[in-house]
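Here the structure comes first, spelled out in structure tokens, and everything after it is commentary.
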Number of protein chains: 2
Amino acid sequence: MADIKTSANPLFLREDELRRGIELLFYAYRDFTAEPDAMLANHGFGRAHHRAIYFVGRNPGMTVSALLGILRITKQSLNRVLGQLVREGFVERHAGVDDRRQRLLRLTATGVDLERRLSENQRARLARAYREAGADAVAGYQRVLLGIINEGDREKLANG
Amino acid sequence: MADIKTSANPLFLREDELRRGIELLFYAYRDFTAEPDAMLANHGFGRAHHRAIYFVGRNPGMTVSALLGILRITKQSLNRVLGQLVREGFVERHAGVDDRRQRLLRLTATGVDLERRLSENQRARLARAYREAGADAVAGYQRVLLGIINEGDREKLANG
DNA sequence: GTTTTTATGTCAGCCATGTTGACTTATATA
DNA sequence: TATATAAGTCAACATGGCTGACATAAAAAC
């Protein structure tokens with residue numbers, strides 16, 4: 001009886017393979033966010049704060065709309081966490097230069113520091129996983145995740 | 001000038017590569033959960049209900065403690081959603097046979113139906129991503145996600 | 001130059017889902 | 001018989017989504 005589980009087999013998309021892919025994503029995301037969540041709790045912050053800090057740190061000078069587009073939440077939800085971050089000195093808002101209605105976002109020095117501490121855990125975790133899996137596996141990981149993402153962002157992220 | 005970005009290069013763990021890995025995981029999870037979330041909202045349910053239904057469907061007859069161990073939430077949080085699912089006829093609880101303190105969980109026919117409809121989207125999305133990425137990429141995707149997961153579950157899931 | 005649209009912020013209230021802490025019940029085990 | 005375990009419950013609280021309504025300033029259209 002032929003081995004129907006070899007990687008070259010076109011039937012690799014059967015139910016079990018998909019179920020496994022779904023579960024691995026659940027477990028990985030669960031463990032990936034657990035430690036930063038615990039650190040954030042000490043500041044009275046939550047995961048939403050981490051996301052805002054992360055993307056502002058990644059895109060200094062980004063507009064509020066751009067951040068909303070990434071997070072896919074309402075501006076009311078965003079402003080709750082963004083307001084806290086501004087009031088507590090982690091994020092700065094400055095009027096845009098060509099469009100003065102815009103509020104350009106950037107991390108303060110304190111914000112940069114918090115972002116680094118928060119993501120350190122995730123970077124270390126991912127670095128270990130990458131190292132143990134090897135470069136080819138990393139390419140596959142990226143290719144599949146890219147395929148999961150909706151078309152619009154997939155194109156934007158494709159050559160990242 | 002040599003291409004320092006080839007997949008064989010040992011420097012592939014630099015900052016940018018890790019950042020990309022983090023962001024792909026964020027975007028993929030965001031889009032992976034968006035459609036089931038919308039369906040659940042029509043039932044007055046949320047993502048927590050989906051997780052409970054999914055894992056009970058996957059492990060018929062599982063105990064409450066086993067489910068708690070997977071979801072990593074408190075029993076109070078779980079019981080809120082589990083109670084709703086039982087009251088509304090999606091999940092059944094039966095006393096265990098060898099240990100009658102246990103409540104063994106399983107989906108009703110209605111529950112099986114809901115689970116299938118909820119996960120259909122995710123299975124289709126993942127199937128497309130798998131198909132387009134190819135079997136080698138799928139293996140890499142699984143290997144890296146497995147590496148992200150904490151040791152305890154990693155061993156349990158390794159030969160899944 | 002006036003009107004309209006856009007970018008952003010804000011107030012109020014609702015819901016889902018996580019938390020802690022205290023307590024109960026039934027059953028298994030020592 | 002005493003203790004430990006599996007599960008459920010009540011109460012209160014926080015985070016972070018949501019909707020809807022409204023305000024302000026600046027850009028863009030007319």
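The sequence lines fix the lettering, A, B, ..., with proteins before strands; numbering per chain opens at 1.
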What do the steps show when you test F55(B) against F26(A) for ring-ring contact (aromatic ring centres under 6.0 Å, His included), and what is the final call? CA-CA 11 Å; F55(B) 284 106; F26(A) 163 77; 5.1 Å; yes
If a protein heavy atom is under 4.0 Å from the base, mark B; if only from the sugar-phosphate, S; if neither, -; do that for nucleotides 17-30 of chain D going 5' to 3'. BBBBB----BS---
Taking for N79(B) and for H49(A) the nucleotide of DNA chain D with the nearest heavy atom, the one nearer the 5' end belongs to N79(B)
What is the separation between atom [atom1] on [X] and atom [atom2] on [N], rounded to the nearest whole Å?
| X | N | atom1 | atom2 | answer |
| --- | --- | --- | --- | --- |
| L105(A) | dG9(C) | CG | C1' | 13 Å |
| R93(B) | dA26(C) | CZ | C1' | 15 Å |
| L82(B) | dA16(C) | CG | P | 16 Å |
| M62(A) | dA7(C) | CE | C1' | 15 Å |
| L67(B) | dG8(D) | CG | C1' | 15 Å |

Which residues in residues 22-43 of chain B have a heavy atom closer than 4.0 Å to any atom of DNA chain C?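 DNA chain C contact set from residues 22-43 of chain B: none.
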Side-chain donor-acceptor pair present, E23(A), Y54(B), cut-off under 3.5 Å: yes
Go through it in stages, so that I can follow the logic: the residues are K156(B) and I149(B), the test is side chain to side chain contact (heavy atoms under 4.5 Å, CB included), and I'd like the CA-CA distance, side-chain angles, deciding distance and then a yes or no. CA-CA 11 Å; K156(B) 275 194 337 199; I149(B) 295 166; over 6 Å; no
Does the pair D99(A)/R101(A) count as a salt bridge with the N-to-O cut at 4.0 Å?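 Yes.
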Applying a 4.0 Å non-hydrogen cut-off, can you work out what G44(A) is touching in the nucleic acid: base, sugar-phosphate, or nothing? sugar-phosphate
Main-chain N/O of R19(B) paired with R123(A) side-chain donor or acceptor, under 3.5 Å: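 A pair under 3.5 Å: no.
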Parallel, tilted or perpendicular: which describes the rings of Y29(B) and Y29(A), with under 30° parallel and over 60° perpendicular? parallel
Can V138(A) and E17(B) be said to form a side chain to side chain contact (heavy atoms under 4.5 Å, CB included), step by step? CA-CA 9 Å; V138(A) 171; E17(B) 199 84 14; 4.3 Å; yes
So with a 6.0 Å cut-off around CZ of R100(B), is the heavy-atom count from everything else above 12? no
